[in-house]
Amino acid sequence: MASLSEKMAQEMNFSAFSKAGDVQKRILFTLGALIIFRFGAFIPLPGIDPNIFKGIFEQNAGGILGMFDAFSGGALSRMSLLALNIMPYISASIIIQLGASIFPALIALKKEGASGMRKMNQYTRYLTVLIASLQGYGLALALEKMTGASGASAVIMDNLPLFRLMTVVSLLGGTMFVVWLGEQITARGVGNGSSLIITVGIIATFPGSFSRMLELVRVGEISPILLLGLLALAFGLISLVVMMERAQRRIVIQYPKRGQMTYNGDMSHLPLKINPTGVMPPIFASALLLLPMSIIKFSAESNTHSEWLNWLAGNLSHGQWGYIGLYGFLIAFFTFFYTGLVFNPKETADNLKKYGGFVAGIRPGKSTADYLDYVITRITVLAAIYLVGLCILPEILISQLSVPFFLGGTTLLIVVTVIMDTITQIQSQLFAYQYESLIKKAKTKGRFR
């Protein structure tokens with residue numbers, strides 16, 4: 001006879017979805033919030049000539065500017081209110097999480113549980129305001145120096161101090177609105193709001209990038225065979241991401257028998273994901289690189305007499321070994337750092353000992369913690385190699401072949417992983433709904449017996 005969970009899994013279909021009103025409301029709320037986000041990406045920044053800026057951006061759209069524009073859903077190329085997107089918030093989150101492993105005050109807050117996390121989230125918002133303001137001011141200075149092919153400035157306001165103030169306030173307001181929208185999606189919708197906003201921004205650039213690729217094929221710059229090869233590479237990368245994100249290292253956990261009964265059965269498994277960090281290391285690395293490198297590139301283009309700016313922009317531009325090395329290092333660093341945040345070997349070993357479980361052949365307590373630390377370290381090394389290879393190798397190919405950026409490993413990783421996580425959350429909520437329905441039916445039948 002099939003178990004309850006097996007029956008529910010078999011019955012997980014559109015019929016169950018049509019009856020799950022709460023799940024439908026969450027999905028509709030998420031879709032509505034994402035549509036509002038996309039509308040915001042088309043609201044222009046005041047004081048900018050959009051035609052002149054569009055020409056300037058198209059001249060420098062390759063490389064890192066193309067990556068940042070993809071992450072912002074085209075908001076940067078339009079210089080809209082949401083040009084900074086959610087990246088300042090992610091940068092603030094990185095700094096707070098790093099501080100939570102260094103500074104005693106933040107370490108103590110982290111140990112306070114839910115109340116401590118609320119305070120840390122508040123500190124993250126304050127830091128987001130500071131970072132967005134600084135980045136907005138830097139972007140305003142870069143915009144003032146931009147000129148189009150005719151020599152006309154991208155800024156159409158004569159009062160530059162007022163323009164800088166308007167730019168900072170507008171970009172700060174856009175960033176905080178996106179942060180609030182992401183939090184609402186997380187709380188009232190499905191999936192992680194921040195990740196979904198980045199994913200929708202990337203997906204929004206796919207049609208334009210693909211049409212540009214087809215145009216390159218039409219004019220003969222890319223052969224049809226090469227196009228098919230790139231598409232095959234993209235499908236291969238998607239398959240690799242799906243396989244690695246589902247892969248697990250299962251550690252056998254045994255429980256001693258208690259009298260005639262057993263506690264949670266004789267044997268169980270502790271599943272450790274091969275990539276426990278998911279998509280966070282590439283997002284963190286991109287957040288630390290994208291906007292600073294974009295401002296450096298804008299400044300170098302507008303100030304050709306600055307040798308150090310030109311050298312920095314040249315060596316840290318997209319496809320250069322300086323950028324590739326720094327990007328790969330940051331991905332590897334955040335893979336190890338984030339793994340340490342999401343998995344604590346000592347805490348896991350203490351919980352196993354508390355409930356009577358032990359790893360076969362390993363003594364409970366410190367020996368189990370050391371063994372788990374050894375296993376998770378090896379897994380993290382494999383995850384770092386996978387993430388660095390996935391994000392860096394396609395970048396090298398793209399820079400050499402000059403193909404549109406949407407085939408990058410980073411963007412594919414983000415899109416595929418976030419979609420998988422969102423689908424998993426929807427399935428979990430449907431499963432919970434069916435479970436509650438079965439419990440209610442069982443209670444109803446019991447009353448009439």
Side-chain angles (χ1 to χ4, degrees), residues 3-38 70-71 73 86 90 181-207 231 234-250 269 271-283 338 342 383 386-387 390-391 406-438:
S3 65
L4 176 64
S5 61
E6 289 174 347
K7 287 182 178 179
M8 293 173 65
Q10 292 170 1
E11 295 173 0
M12 190 78 70
N13 49 32
F14 288 106
S15 176
F17 176 76
S18 64
K19 298 176 183 178
D22 183 64
V23 178
Q24 293 178 23
K25 290 179 181 178
R26 284 181 170 272
I27 293 175
L28 290 175
F29 179 85
T30 302
L31 292 175
L34 293 176
I35 290 173
I36 292 173
F37 162 70
R38 289 304 302 151
F71 276 23
I86 204 168
I90 294 176
L181 202 61
E183 291 177 346
Q184 295 304 307
I185 293 174
T186 302
R188 303 171 61 184
V190 290
N192 181 281
S194 302
S195 299
L196 277 173
I197 285 174
I198 296 175
T199 301
V200 169
I202 294 173
I203 293 175
T205 63
F206 279 6
L231 292 177
F235 284 115
L237 290 175
I238 292 173
S239 301
L240 175 64
V241 171
V242 173
M243 180 186 70
M244 291 297 293
E245 295 303 320
R246 292 185 177 275
Q248 295 179 345
R249 165 73 158 87
R250 292 189 174 185
H269 292 91
L272 299 177
K273 291 187 64 177
I274 298 300
N275 178 26
T277 61
V279 74
M280 298 313 296
I283 291 181
Y338 207 74
V342 300
Y386 151 68
L387 290 175
L390 179 69
C391 296
F406 82 102
L407 289 177
T410 306
T411 53
L412 286 179
L413 174 67
I414 293 172
V415 170
V416 174
T417 304
V418 172
I419 289 176
M420 288 174 58
D421 290 342
T422 304
I423 292 174
T424 301
Q425 285 201 27
I426 293 174
Q427 290 177 339
S428 299
Q429 292 184 16
L430 285 175
F431 188 90
Y433 168 78
Q434 287 187 301
Y435 181 80
E436 292 175 358
S437 299
L438 288 176

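This one's a predicted model, so the numbers in the text were calculated from it and none came from an experiment.
- Under the side-chain contact (heavy atoms from CB on, under 4.5 Å) criterion, I36 pairs with F177, sequence neighbours left out.
- R26 has its side chain within reach of V190: a pair of non-hydrogen atoms, C-beta onward, lies under 4.5 Å apart.
- Contact of the L412 side chain with the F235 side chain is not registered, since no non-hydrogen atoms from C-beta on lie closer than 4.5 Å.
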*Please lay out, stage by stage, how L387 and L413 fare under the test side chain to side chain contact (heavy atoms under 4.5 Å, CB included).*
CA-CA 9 Å; L387 290 175; L413 174 67; 3.6 Å; yes
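- The minimum heavy-atom distance linking P207 with A204 is given by the pair CD-O, 3.6 Å.
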_Stepwise side chain to side chain contact (heavy atoms under 4.5 Å, CB included) test for I90 and I198_ = CA-CA 11 Å; I90 294 176; I198 296 175; 3.4 Å; yes
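- Applying the side-chain hydrogen bond (donor to acceptor under 3.5 Å, both in side chains) criterion to E183, with sequence neighbours excluded, gives R125.
- Separation of atoms CD1 (I203) and OG1 (T411) is listed at 10.5 Å; rounding is to 0.5 Å.
- In terms of the side-chain hydrogen bond (donor to acceptor under 3.5 Å, both in side chains) criterion, Y338 has no residue partners (sequence neighbours excluded).
- Shown here for V279 and P282, the closest heavy-atom pair between the two residues is O-CD, 3.2 Å.
- Of all heavy-atom pairs between Y386 and N275, the closest is CE2-ND2, 3.8 Å.
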*Applying side chain to side chain contact (heavy atoms under 4.5 Å, CB included), run through T417 and E245 and close with a yes or a no.*
CA-CA 7 Å; T417 304; E245 295 303 320; 4.0 Å; yes
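- Looking at heavy atoms from C-beta onward, V415 lies in side-chain contact with F206 at the 4.5 angstrom threshold.
- T422 places a side-chain heavy atom less than 4.5 Å from the side chain of L196.
- The list of salt bridge (Lys or Arg N to Asp or Glu O under 4.0 Å) pairs with a residue in residues 188-198, not counting sequence neighbours, is empty.
- Partner of T30 under the side-chain contact (heavy atoms from CB on, under 4.5 Å) criterion, chosen from L28, L34, I27: L34.
- Nearest heavy atom pair, residue L181 against residue A33, reads CD2-O, 3.3 Å.
- The two residues S194 and I86 have their closest heavy-atom pair at OG-CD1, 3.4 Å.
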*Starting from the C-alpha separation in whole Å, work towards a yes-or-no answer on side chain to side chain contact (heavy atoms under 4.5 Å, CB included) for I414 and I202.*
CA-CA 9 Å; I414 293 172; I202 294 173; 4.0 Å; yes
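- Applying the side-chain hydrogen bond (donor to acceptor under 3.5 Å, both in side chains) rule to N192 yields the partners S195; only residues at least two apart in sequence or on another chain are considered.
- Residues that satisfy the side-chain hydrogen bond (donor to acceptor under 3.5 Å, both in side chains) test with T199, not counting sequence neighbours, are absent from this structure.
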